[in-house]
Each structure stands twice: as structure tokens, then as C-alpha cells.
Amino acid sequence: MAQAYDHSTIEKKAQEKWAALNLSLTDVGDENKEPYYLLCEFPYPSGDLHTGHWYAFAVTDIYARYLRMQGKNVLFPIGFDAFGLPAENAAIRNNADPKEWTYKNIERMRTQLASMGASFDWSKEVTTADPSYYRWTQWLFAKLFEHGLAYRKEASVKWCPKDQTVLANEQVIDGCCERCGTPVEEKRLTQWFLKITEYAERLLADLEPLPWREEIKEAQRAWIGKSEGAYIEFPISGREEKVKVFTTRPDTIYGATYVVLAPEHFLISTLLGVVSNKKEVEKYIAATTKKTERERSENKEKTGIKLEGVTAINPATKEEIPIYIADYVLASYGTGAVMAVPAHDDRDFEFAKKFDLPIREVIEPVTGKPLPDEQFRKSIVAVVENKKTGQILCLDWTDEYGGVLFIGGGLEEGEDPAAAAVREIKEETGYKNLRVLGTLGKSHHHYYAFSKKIARNVEVIGVHLELVDDERNEPALEENEKNRFSVLWLTKDEAERKVKDENHALVFRRFIRNKPYTGNGILANSGTFSGRESEEAMADIVQAVGGEQALQYRLRDWLVSRQRYWGCPIPIVYDPEGKPHVVPAEHLPWLLPTDVNFKPTGKAPLASSKELRERVTKIFGEGWTPEYDTLDTFVDSAWYFMRYLDPQDTHSFSDVALMKKWLPINRYSGGSEHTTMHLLYARFFYKALYDLALVPTAEPFAERFNRGIILGPDGAKMSKSRGNVVNPDDFVAKYGADAVRLYLAFIGPYNEAGSYPWNLEGVASMRKFLDRVVRLFARVDKEEMPRELARRLAQTGAKVGEDCKRFKFNTALAALMSLLNALEKLQNVPASALREFTLLLAPFAPHLSEHLWERLGGEGSVHQTLWPSSDSSLFAKNEAEIVVQVAGRRRGSVQLRAEASEAEALAEALKISAVQNALGGKEPSRVIYVPGRILNLVV
RNA sequence: GCUGGGGUGGCGGAAUGGUAGACGCACAGGGCUUAAAACCCUGAGAGGGCCCAAAAAUCCUCAUGUGAGUUCGAGUCUCACCCCCAGCACCA
């Protein structure tokens, strides 16, 4: 074999050595070294280590090893997120014990994780399915319950009919179960919730100062989904009840021409007594509640039904307006009821069109910015449609300020806008037969008419017309309008693209695209508020209609009940009256019973346990009953990083002093798929504990890095069905773990969530690099280190260190490769240079580096040695290549002393013939000189 | 649709406003070899000019999605547009 070393022997030996030296064992009480807590998301013990695991753990391990060489006391723990569905599903399939399945997998994964050379501190291992762990999950749940942060309510929940369980909102993707893809159903059950909504504002605000990548923060913000608005009550005519709505646009209330309730709205049952179309309404509600979430959102065609015989009163206009029920209003957001303003909301507009409801414009859009000395004028913009060809009539203005516009023109004193539109069209195009389809409310347009050199403030009325036939006269153009434009018929798409004028575009959008105006503007038809700016008047309007300013969040409380077996039992028992009580601490861990039937029956598996019922009776008395649900596994993983500090603690979930010392976590490395769920839950949980004075800081993670994903060699996501799954073990066997680590580090930047195809030649090329390193070591000699080489090593050391800090392992490795290229060119390779090279390589290829370290006669382990400190005097260069540019283009370069003066540099530069050529005999009019870098001669 | 992140060779990717394409893959030519593999050396963004001819060096032009702008100098900053990816999405 042409490989220069035997990786299996070397790797085995190195791992044994590290184990004997307790290399990755962290003394968390150490007071001498600076603590650094490096956390990886812990794996689910699915049984086999795949490429994703390697990418997650082996690459982060590089950083752990680097930090140790920086003299840091590094805590780099690992554990298993061991509760969850796959174990239970496997158990159902094989009629086995989920516990056995899980622990067998954990055993297997421990060996596999060790094989990558990851320097985890196994003494801190945590397994969420261990009673010694979940005892504290239960304890923490009890704390939340005692402080009102865990509560029970009957709620409409997402139910997966296949897995026979309730799901969290987050586990529903496009209306389907995240795990099995089955469309979810709605079910009303009494469930446990954690009050994450109470922390919405702080989860949002505390995100701001965190130095995380914007995409991570933005995803969390979107998930929390804050909006500012107001609650406003709409009285129901002749009744006590009121419809309370949430709106972000109280300024549009004068345009609210109906009210809509969600089908689940609590008022409906009362109102059903008085409506005259009770049967139809009930039918509609039955039909919509039967629909799955998916069906509701898939079919965006608006449906709904009017409540006949009852009306609401618009508190602003005092008008009676109809009440509808429609499933486009969500019961779970705001108040489950909305005031509909069809003129200024897309959804209400669509609904109003379908049910033929009045559309009242109360916002006049404003385009352009007010200018000094404006001339006021009234005008029209006419959008003429030829329904036969689907084209729109436009004018192409040929003068220099022109462009494509619709027909526009001034309104004569007292003239009807529609009539003015017809007149303008005739004058400018000659078309005779037009039908007016509709007109729009006013908008305002500020602009500067260059051709006339005046600023204008135009009040525009949009008119929509249809061309009846092609009959046409000569246009009746005024003298100054002749030859200044041509008539143009454009398709709708062309017209949309070519008509740039903002105000014209508004009219087009409204008539042709059938979209309402949803922006701000000047209030109209709004009583005493008419004429004011919509944004500015908002607060006054809320006050005038007796509303209250309010915030709403998209985030819902966290549903944590699961009707599954393999999870942490909820530590709750019910007294004979059915009131919940927490299981007292002395009875924790509240063990998961083993005498259960976990075949999916639609009932919680724990309900089949005789032992659990007897346990409750025995401890609490006759008539007491257990809670049968288990906790969402996201609860288990919301606090595991605290347990790592003190995993065997039997008195507390973690140690106060250690938490104070080690939290917040310095850097949390994980996958982008956990940005919204796990990361948000963990932040919430931590904040709740902070408020109970159980943890020392308000945020758990100082830094968060999302890594990317490794794709198959074909550039597609790895999947068994595609047959593009790469098994890292094959590569480890052939090229060694070090080569695989190197390849994953080199594949792309680790500090961003990109996606990188696995190159089948990649690992081999890394092995080639390592083989070259080994061959280089055969050429070691005792020469003194030349200064130039010492500098090169120092520079590389600094570069590699910097890149490691930024998780840019790809460029760190590139620097090492360049260094190797340079070393290979040397006649004599000094041992001291090889020693330093080994140190720089150690975090990346830990096994081989250990071997080479021994060959060089190094003491102890290379991984216990400090990173080479660089002598800063080495960085001072005495000579530098100065690039010479003429007018910003490179024309050559000169070698100069670093401190050379501009005059010296210029003199040298002028000797270059290419520079002379480019100057063309002229003297440079200006010289820019950046010492040590560049000399730019401007002609 | 909204929000965020991107767009650089055949590919993965590099570049504090200062030599664009580091480093590597794939590729081509050469060496070693009976031969192949392995290994080593060399080349390479595209185009052009120079030349009897070929090769190399040197030289010139064009090149970081498109178009404009700021600057002595732009992959990097500003504006507009196009495209890709991710998150959210009937959230009032």
C-alpha cells in the first residue's frame, strides 16, 4: 500500500493513550484555567452514526482541541436525547422494550463516537431517559407548575391519527405530522401547556444584543411574530354581548363594513339562538371544523356564512354591519374575530368581492414627497382594458422625461371623473366607444413636472374602462402634444413592468390585479379624522372608539402533553375532585411504569398500567388518579446543558457554584433545524428558571453557530430512497478518521448554514495531504530554523488560530496546506519546524499528530501542549512587494523596504516599462501610496 | 407575498475598499515504470497580440448575476433589477 502510515494502528494507539491520560476529562472546579463551555446539540440514539453526526461532532472537536491548546479549561460534554418516538415505534414493530432498544443504541454510538477521535468528556454524560436525569426534568416541571407557568386547559390540539398522539404546533409542517407526514386533525383535549407566551417580549428583546447571525435571530423573531395593534369592541345590536376584535389597523375602522368570527368563536353558541339561518350556520361550522389544518390552508378560496338576523355596530360610524363566520379567521390568534376592512386588506377584499359586501375606501394613498411651491390640481388616471385581447391602453411618451404611462389628464371645474376620463381618451387616442367599469377614491401624487418646470400636488381619481370596439377618430391633440407620444397596447404583465409611475401603478394594481391598497396614507370618509395621516391618527382613533392598544404574538403556549409511552412521565396526580397536584419531591423520580401496552389505541399508554394506578392509590389514597401523559421530548432537551456540569448530583438539578462559573455557554454549535424549536424552548426554560433564581444569567448561550448540511455526491439531500447516502465508516476504514475529519473541516465554512455536496475524491485528497506530512517527517534534520521560516510558521499559527475562532476550518486547513507546500521545498527540514507544524495540525488530525509528536520525541501528549506562541517581532517584514498601479490597473510590482518613502517607491516604479507605457509619457497627476501595499499613479 | 441570507472558474470554495480566483477536487502535459497504480514536476479564468512556425516568458483587453453610481482604486460600499436558498405565511 502506498499510504505512508497505517491509520488503524495509529488511531487505536492514540485513542488508548488519550484514555489513559484522561485527556478530555474536565475538572469543572479548576480555578487556574479560564473555563470555556463548548456545547454540541446532543444526538438522538438512533443507532447509527451518519455523516451528519460526523459533521456535527468531529468538526466541533477541532475547536475543543484548539481551545485546550490555548490553555483553556474546556468543557466539551456529550449525552443522549434518549426519549422519543422511534424507540416506541421500534418497540411496537418488534414487540420489544423501548428502553432496551434505546440503551443498546447508546452503547453502540459511544464506540462510534470514540472512533472519530472526538474528545468528549464522557464522565459528564447525560441520558434524558435515565431516572437520575428525568427526576430533575420532573422537579423543574413542578417548579414551573408551582409558579403558574405550567397549566392545564382544554384546547383544540393537533392530533396525528397515525402516531396516535398530540403534536406541538412546531411539529406540524404544512399541516402534516413532522415525523410521518400524515395530515393532522384537530381534537379537543385537556392538555398541559407551558406559558412561553408570557416570555415572548423578553425572548424577543434579549435576542437583540446577542452576537448571533442575523438569519438565526430573524427566524426566532418571525416565530415569535410580534404585532402591535388594538383591541376594539363592536357592540351587537340590541344585545349585551360584544364582539372583541384585534386589529393592527385601527386607523381603517371607518372602512370596517362587516365583522368576521372564527368558526370556533365562543360567541357563536349564544348567537345561534337568535339567528334565522341556524341550520346553515351549523352546517358550515361542522364542515370547517372537520377540515384538517392542511385542507383549510390549502384551499385559500374564501368561504363563510352570514349570521342572519344579527348585526354588529361599527363603533366609529355607528352603522349596523353584518356578522359573518369564516374559516379564514383563526380562532387561535388575537380574539378569534376581526373587523373586516375590504378596501385595505387583501383577505377582507377577497371575501367582500365574493360575498358582494361594500368596499369603502378610507385611506387615500400618497405617492412622491411634498415639494415647495406646489401647484394643486385634480386629475384622473384611466386604465383602459381591451377584454378581447387582454391588453391595456398605454401612452409611450417620447420626450426626455417620458416613459410609459396610462392615460392621464386634468379634471375640469365641476367635471365628473368618469366623463373626464372618456374625454381624455378621445382627445389623446381617438377611441370613441368606452364603457366605465368603476372609479377609485382619491390618491395624492407629489411630483415635479420637468417639462413645465413646476412642482405639483395632484389629487388623482382612478377610472377603470373597457374598450367597446376599435372605432376611432383622429385624436384631437393640442398643438403642444403632437408627436410627443405614441399609443401602445400592452399585455398586463408588460404594462405592469413598463409603467414606472407609482401613482399609475397603484391604479393598475387596484383594477387589473384586483388588489386593495394596504399601505398608509391620508384618512378619508373617517368623520372628524378625515384629512389626517393614518399612522399619526391611529392612537386617537383607538381612544375615540373605546379600544385599547395591545400587542399580539404569533407564538402560542407550548403544548407539552404527549399520549405516548417512551417519555418523561408528567409528575402530576389528581385528587378525587380531579384537581391536579404535583408529585412531591420525595417521590421523584416518578418512574415510568413498565407494565404497559403501548400499541396505539388513541389512549395514553400509561393508562394501561396497573402499577401506576396502584402506586398513586398507595401514596395519595383512594380516589386519586395519575396523569397518564408524558412530556414532549423538547422539555428534556430544554435544560440538559445545565446537568452536564454536575450529572450525578442527587440534591439538585445542577450545582449553583458551577453554573455561576460555567454559564452562559460560550458557544453552542448545532443544526439550523433547531433554530426555532429547541433553541427557543431552551431560552424560555432558562429564563423561567432565571426568574426563580435557579440559574445565574438571563440568556443561556453567548454564541450560537448553525452549521450547514452535507449533501450526497449528486448534490441532493442524502436519502436512502435516492441511494446517495455516504457512509462515513467506509471512508474511515479506507483513509482513517483523521482524513475524514479533515475533509469535513475543509468542505466549506462551518460558521454558516450552507449545504455542501460530498466529493467522493475529497477524503482521499486529505489522506494524500497527511501522507505528504508523514513523508516530510522522514526528512527531518537538525538544522537551525532560518528566520524566514520562523516567520512563516508564526504567520500560519496566527492564521490557523484566528480561523478556528471563527469556525472557518476550511481556510485554516488551506493555510496548513500552503505551509506544507513550502516545507516540502526546503532542502533541510529543521526538527523545530516540524514540531511546530505538528502542533498546528493537532486539532485537525489528532491521531496522526500524536504519532508524529512521539516520533519527534515530544513529551506527554501533543494535545496537552500549548499552541505555539508567536513572537510578534517575527511579523515585522523588512521587505515587501509593492503593487504598482496606473489609474487603478496593475502594471507591475517593486520589491522595497517596508518603510520606503513615496519618492523611493515612485522612482522604482517608473523604471518598469509597463508603467511607462501606461503613463504614455505623461506625468502622474496624483500619487497614492499605501506603504507596504500599493502605489497608484493617477494620470 | 413578507423577512433574512446569498450569487466569484468545470466543481467545493479564498479574498481588513488595495495583485480576483488562495487551498483543494477534477482536467491536461511531462517524469519514474516493461506497463499500470501510487508518487513527483509543470500548466491552466476567457480572449487577443507578438512570431516563418510552434511553445514559453513578456504584453494587452475582458472577467466576481445585470445595469448605474461613489472612489485614485469596487467581488467588497450605494441604488435599481434578475436569479437561487432559508424562515414565516389566511396571524387581521
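These figures come from a predicted structure and were not determined experimentally. Every chain is numbered from 1 and lettered A, B, ... according to where its sequence line falls, protein lines coming before strand lines.
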What integer number of Å spans the [atom1] atoms of [N] and [M]?
N: B/C25; M: B/A80; atom1: C1'; answer: 38 Å
N: B/U64; M: B/A46; atom1: P; answer: 15 Å
N: B/A26; M: B/G9; atom1: C1'; answer: 12 Å
N: B/G49; M: B/A14; atom1: P; answer: 37 Å
N: B/G69; M: B/G17; atom1: C1'; answer: 16 Å
N: B/A54; M: B/U42; atom1: P; answer: 27 Å
N: B/G31; M: B/A22; atom1: C1'; answer: 27 Å
N: B/G18; M: B/C32; atom1: P; answer: 46 Å

Minimum-distance nucleotide to [X] side chain [options: [options]]:
X: A/Lys302; options: B/C90, B/C40, B/C62; answer: B/C90
X: A/Lys808; options: B/A14, B/G5, B/C90; answer: B/A14
X: A/Arg890; options: B/U19, B/G18, B/G5; answer: B/U19
X: A/Asn936; options: B/G13, B/G73, B/A92; answer: B/G73
X: A/Val329; options: B/G12, B/A15, B/A92; answer: B/A92
X: A/Pro749; options: B/C60, B/A14, B/U19; answer: B/A14
X: A/Glu215; options: B/G4, B/G18, B/A92; answer: B/G4
X: A/Ile928; options: B/C39, B/G18, B/G12; answer: B/G18

Query raised in the report: Considering heavy-atom distances to RNA chain B, does A/Val883 or A/Ala914 have its closest nucleotide positioned more toward the 5' end?
Result: A/Val883
Query raised in the report: In terms of the nearest nucleotide of RNA chain B, which residue is placed more toward the 5' end: A/Gly748 or A/Val938?
Result: A/Gly748
Side-chain N or O of [X] less than 4.0 angstrom from OP1 or OP2 on [N]?
X: A/Lys515; N: B/G1; result: no
X: A/Thr811; N: B/G13; result: no
X: A/Arg891; N: B/U61; result: yes
X: A/Tyr328; N: B/A92; result: no
X: A/Arg249; N: B/A92; result: no

Query raised in the report: Of the options A/Tyr735, A/Trp758, A/Tyr55, which is the one that meets A/Tyr743 in a ring-ring contact (aromatic ring centres under 6.0 Å, His included)?
Result: A/Trp758
Requested in this report: Return yes when atom CD of A/Glu535 has more than 12 non-hydrogen atoms of other residues, nucleotides or ligands closer than 6.0 Å, and no otherwise.
Outcome: no
Nearest whole angstrom, please: distance from the [atom2] of [N] to the [atom1] of [X].
X: A/Leu760; N: B/G12; atom1: CG; atom2: P; value: 15 Å
X: A/Lys354; N: B/C90; atom1: NZ; atom2: P; value: 17 Å
X: A/Glu824; N: B/C40; atom1: CD; atom2: P; value: 7 Å
X: A/Tyr735; N: B/A38; atom1: OH; atom2: P; value: 10 Å
X: A/Arg509; N: B/G1; atom1: CZ; atom2: P; value: 11 Å
X: A/Leu711; N: B/C11; atom1: CG; atom2: C1'; value: 13 Å
X: A/Arg889; N: B/U71; atom1: CZ; atom2: C1'; value: 15 Å
X: A/Tyr750; N: B/G12; atom1: OH; atom2: C1'; value: 17 Å

Contact class for [X] (heavy atom, under 4.0 Å): base, sugar-phosphate, or nothing?
X: A/Gln885; answer: base
X: A/Ser332; answer: nothing
X: A/Tyr756; answer: sugar-phosphate
X: A/Ile747; answer: sugar-phosphate

Detail all sub-3.5 Å separations between protein N/O atoms and N/O atoms belonging to nucleotides 23-27 of chain B.
residue : atom : partner  : partner atom : Å
B/G24   : OP1  : A/Asn821 : ND2          : 3.4
B/C25   : O2'  : A/Asn759 : ND2          : 2.9
B/A26   : OP1  : A/Glu761 : OE1          : 3.4

**Report entry** Nearest heavy-atom neighbours spanning A/Val260 and A/Ile325
**Finding:** CG1-C, 4.2 Å
Query raised in the report: Syn or anti: how is B/G4 classified when any glycosidic angle within 90° of 0 counts as syn?
Result: anti
Ring-face cation contact, [Y] with [X], 6.0 Å cut, 45° max:
X: A/Arg767; Y: A/Tyr5; value: yes
X: A/Arg741; Y: A/Trp54; value: no
X: A/Lys244; Y: A/Tyr231; value: yes
X: A/Lys302; Y: A/Phe351; value: no

Electrostatic pair [X]:[Y] at N-O distance under 4.0 angstrom:
X: A/Arg806; Y: A/Asp803; answer: yes
X: A/Glu752; Y: A/Arg707; answer: no
X: A/Glu802; Y: A/Lys808; answer: no
X: A/Glu350; Y: A/Lys515; answer: no

Query raised in the report: Is it true that A/Trp212 and A/Phe705 have ring centroids separated by less than 6.0 Å?
Result: no
Report task. Could you tell me how the ring of A/His674 sits relative to the ring of A/His678: parallel (under 30°), tilted (30 to 60°) or perpendicular (over 60°)? Result -> perpendicular
Query raised in the report: With under 30° as parallel and over 60° as perpendicular, where do the rings of A/Tyr324 and A/Phe355 fit, or are they tilted in between?
Result: perpendicular
Report summary line: Each base of RNA chain B marked ( ) or [ ] if paired in-strand (Watson-Crick or G-U under 3.5 Å), | if paired to another strand and . if unpaired gives (((((((..(((.....[....))).(((((.......))))).((((..........))))..(((((..]....))))))))))))....
Report task. Kindly indicate whether the side chain of A/Arg933 and the base of B/U16 share any N or O donor-acceptor pair separated by less than 3.5 Å? Result -> yes
Can you tabulate the close N/O pairs, meaning under 3.5 Å, that link protein atoms to atoms of nucleotides 78-88 of chain B?
residue : atom : partner  : partner atom : Å
B/C88   : O3'  : A/Arg554 : NH1          : 2.9

Query raised in the report: Is there a donor-acceptor contact under 3.5 Å from the side chain of A/Asp557 to the main chain of A/Ile196?
Result: yes
